[in-house]
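This report refers to the structure that appears directly beneath it.
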Amino acid sequence: ATTGAKPVTCSTGQVTANAACCALFPVVSLMQSQLFDNGECGEGAHSALRLSFHDAIGFSIHGGKGGGADGSILQFGDVETQFHANGGIDEIVDDQTPVWQQTNLTAGDFLHLAAAVGTANCPGAPRLQFMLGRPAPVAPAPDLTIPEPTDSVTSILARFADAGFSPREAVALLTSHTIAAADVVDPAIPRTPFDSTSATFDSQIFLEVLLKGRLFPGPNNSSQPGEVLSPLAGEMRLQSDFVISQDSRTACFWQQMINNQQLMISQFKAAMAKLQLLGQNTAHLIDCSDVVPIPRSFTQAIKYPASFSQADVQIACPQLPFPSLATVAGPAPTVAPV
Ligand code: HEM
Ligand SMILES: [Ca+2]
């Protein structure tokens with residue numbers, strides 16, 4: 001619980017609502033220099049966000065699964081990185097472990113703070129909440145709790161519901177794919193992004209997933225399980241993102257996110273606050289959100305990638321008007337690996 005006491009100035013000079021949070025400012029600096037290339041919205045930041053999801057989602061509101069947002073994926077990485085859905089996670093676990101060991105934080109506090117700090121490096125992102133005080137994890141999460149891109153919408157929504165999330169919250173969490181790239185879906189093309197702006201926390205992902213597919217980014221137009229046709233050379237579309245964008249249970253909220261930065265980041269922030277506390281007793285935690293850096297804002301209108309227009313949109317929510325958007329000038333782009 002927060003104390004409600006007046007703000008304190010830490011010995012490092014920063015101000016926070018609770019003296020217990022002072023110890024985190026040096027940890028934030030350590031993360032920025034050793035994990036995030038001094039404040040970048042790059043691979044370290046993106047994979048820190050993915051890691052928070054894969055750690056926390058191994059939880060059920062009905063019991064019988066893992067400890068939720070407890071850092072088990074870091075502490076018991078030898079077990080959890082073997083799960084199929086955790087392909088590629090070994091890299092970030094290996095990167096974060098030695099940095100975590102330089103701190104006095106539990107695995108859960110460390111990795112969920114890293115996700116908030118990494119996300120804050122991305123222009124347009126919300127400043128995520130961070131609560132301090134998770135106990136050490138007691139056991140690895142069980143396998144088969146993390147959704148896979150080959151899963152049906154029904155099975156994905158059922159898994160989210162089992163962890164306590166509505167279909168709208170599931171869509172809100174998928175905003176994360178605005179700062180994402182794939183390494184293992186198609187190992188021939190590592191760092192293939194999911195939208196054309198993977199260093200910006202914008203709503204471009206919600207637009208681009210709806211554009212008519214034309215190609216696969218792999219060599220010779222080859223495809224892999226979990227991937228469907230993408231609109232842009234060099235871009236990958238996950239099957240799961242596409243089927244969620246088209247399903248009547250989720251399509252309207254997906255469409256509403258487009259060019260609606262404030263809605264998108266407020267919904268994402270709320271769903272992340274819940275995700276990062278799954279399985280935790282909040283009465284024992286201290287609100288240290290004010291140690292998280294304030295992200296740069298993103299206020300521009302998003303645009304169709306060059307050569308695209310509303311005629312290319314696979315509208316799945318005809319009951320709501322589709323936003324009117326301009327098109328970038330020039331020929332269709334090729335998205336570079338990130
Ligand atoms: C239906 C649920 C989801 C599925 C099926 C899914 C699937 C995937 C897949 C297959 C990748 C690429 C992995 C690789 O090849 O390296 C990926 C990347 C990513 N995912 Fe998800 N994801 C889901 C939900 C989420 C959620 C809820 C979050 C965070 C809140 C998240 C955050 C990320 C991030 C940030 C990346 C990029 C990591 C990087 O660039 O290194 N995902 N996801
Ligand atoms: Ca983006």
Side-chain angles (χ1 to χ4, degrees), residues 41-57 69 84-92 95 112 114-116 118-119 122-126 128 145-160 163 165 167 169-209 217 224-228 235-245 247 250 257 261 264-265 267-269 271-276 278 298 300 302 305 335 337-338:
C41 176
E43 182 173 3
H46 302 175
S47 39
L49 178 57
R50 182 178 179 223
L51 189 67
S52 74
F53 174 54
H54 287 227
D55 180 54
I57 199 66
H84 182 264
N86 282 333
I89 289 278
D90 54 325
E91 202 181 314
I92 181 69
D95 288 349
H112 291 288
T119 300
C122 302
L128 295 178
T145 61
I146 303 166
E148 297 253 26
T150 45
D151 292 346
S152 68
V153 178
T154 296
S155 108
I156 291 169
L157 294 182
R159 183 71 268 283
F160 273 105
F165 295 100
E169 288 173 320
V171 171
L173 288 171
L174 282 169
T175 305
S176 55
H177 285 173
T178 187
I179 51 163
D183 284 328
V184 302
V185 173
D186 188 341
I189 46 165
R191 304 316 302 155
T192 300
F194 296 158
D195 77 359
S196 58
T197 56
S198 67
T200 307
F201 203 96
D202 55 13
S203 61
Q204 206 71 35
I205 182 76
F206 290 105
L207 175 64
E208 292 178 20
V209 166
Q224 299 294 330
E227 177 189 22
V228 294
E235 178 168 302
M236 179 176 289
R237 176 181 291 163
L238 289 181
Q239 178 183 312
S240 48
D241 285 347
F242 183 62
V243 292
I244 288 170
S245 81
D247 190 278
T250 42
M257 296 293 208
Q261 186 77 12
M264 185 187 83
I265 66 173
Q267 299 295 307
F268 175 72
K269 178 173 179 155
M272 282 300 295
K274 195 165 154 181
L275 180 79
Q276 297 191 287
L278 285 185
F298 175 83
Q300 292 124 268
I302 66 156
V335 184
V338 292

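The chain is numbered in sequence order, starting from 1. Note that these values count all heavy atoms, side chains included, but never hydrogens, waters or copies made by symmetry. Remember, it's 1-based here, ligands and their atoms both numbered in the order they're listed. On a predicted model such as this, the values are computed, not experimentally measured, just so you know.
- Contact of the Q261 side chain with the M264 side chain is registered, since non-hydrogen atoms from C-beta on lie closer than 4.5 Å.
- Which parts of ligand 1 touch V185 is read off a 4.0 Å heavy-atom cut-off, strictly below it: atoms 10 (C), 15 (O).
- Distance from atom 36 (C) of ligand 1 to its nearest protein heavy atom, with residue and atom name: A180 CB, 3.4 Å.
- Rounding to 10 degrees, one finds that the Ca ion (ligand 2) sits at the corner of an angle of 110° between T197 OG1 and T200 O.
- Of the possible polar contacts, one joining the D151 side chain to the E148 backbone as a donor-acceptor pair under 3.5 Å is found.
- Taking the Ca ion (ligand 2) as reference, D202 places its N/O/S atom OD1 nearest.
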Margin query: Between V171 and Q267, does the side-chain contact (heavy atoms from CB on, under 4.5 Å) criterion hold? Intermediate values first, please.
Written below: CA-CA 9 Å; V171 171; Q267 299 295 307; over 6 Å; no
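- Heavy-atom proximity to L173, at under 4.0 Å, picks out these atoms of ligand 1: 27 (C), 30 (C).
- Under a 3.5 Å cut-off, the side chain of Q276 and the backbone N or O of H112 do form a donor-acceptor pair.
- The N, O or S atom of H177 with the smallest distance to atom 21 (Fe) of ligand 1 is NE2.
- Here S196 fails the criterion, with no N, O or S atom under 3.0 Å of the Ca ion (ligand 2).
- The shortest side-chain heavy-atom distance between C41 and H46 falls under the 4.5 Å cut-off.
- Looking only at heavy atoms of the protein, atom 26 (C) of ligand 1 is closest to F53 CD2, 3.4 Å.
- Taking all atoms of both residues into account, the shortest heavy-atom contact from G44 to I92 is O-CD1, 4.1 Å.
- In terms of heavy atoms, F242 sits closest to V209 at CD1-O, 3.5 Å.
- Among protein heavy atoms, atom 15 (O) of ligand 1 sits closest to V184 N, 2.8 Å.
- Distance from atom 35 (C) of ligand 1 to its nearest protein heavy atom, with residue and atom name: H46 O, 3.1 Å.
- Close contacts between ligand 1 and M272 involve ligand atoms 30 (C) [criterion: under 4.0 Å to a heavy atom].
- Closest to atom 2 (C) of ligand 1, if we only count protein heavy atoms, is P147 CB, 3.7 Å.
- The ligand atoms of ligand 1 that sit less than 4.0 angstrom from a heavy atom of S176 are 25 (C), 26 (C), 28 (C), 29 (C), 30 (C), 31 (C), 32 (C), 42 (N).
- The shortest heavy-atom distance from A182 to ligand 1 is under 4.0 Å.
- Within ligand 1, counting atoms from 1 as listed, the ones closer than 4.0 Å to a heavy atom of D183 are 14 (C), 15 (O), 16 (O).
- Proximity to L174 (heavy-atom distance under 4.0 Å) selects the following atoms of ligand 1: 23 (C), 24 (C).
- Among heteroatoms of the N, O or S kind in D195, OD2 lies nearest the Ca ion (ligand 2).
- Among the backbone and side-chain atoms of Q204, no N/O/S atom is found under 3.0 Å from the Ca ion (ligand 2).
- Contacts with ligand 1 closer than 4.0 Å are made by side-chain heavy atoms of S240 only, the backbone lying farther away.
- The OG atom of S47 sits 11.0 Å away from the NE2 atom of H54 when rounded to the nearest 0.5 Å.
- For R159 (side chain) and T145 (main-chain N/O), a donor-acceptor pair under 3.5 Å exists by modelled atom type.
- When L49, L238, D241 are ranked by how near their heavy atoms come to atom 7 (C) of ligand 1, first place goes to L238.
- For atom 41 (O) of ligand 1, the closest non-hydrogen atom on the protein side is R191 NH1, 3.3 Å.
- Counting only heavy atoms of the protein, atom 34 (C) of ligand 1 lies nearest to R50 CB, 3.6 Å.
- The closest approach between a heavy atom of A181 and any atom of ligand 1 is below 4.0 Å.
- Listed for the E208 side chain is a donor-acceptor partner under 3.5 Å among the backbone atoms of S196.
- At the top of the distance list for atom 1 (C) of ligand 1, counting protein heavy atoms only, stands I156 CG2, 3.6 Å.
- Using bins of under 30°, 30° to 60° and over 60° for the plane-to-plane angle, the ring pair F268/F201 lands in the tilted bin.
- Under 3.0 Å from the Ca ion (ligand 2) lies no N/O/S atom of S203, from backbone or side chain alike.
- Side-chain atoms of T119 do not come within 3.5 Å of backbone N or O of A116 as any donor-acceptor pair.
- Interface atoms of ligand 1 facing F194, defined by a heavy-atom separation under 4.0 Å, are 11 (C), 12 (C), 17 (C), 18 (C).
- Side-chain atoms of R191 never come within 3.5 Å of backbone atoms of E43 as a donor-acceptor pair (strictly under, hydrogens ignored).
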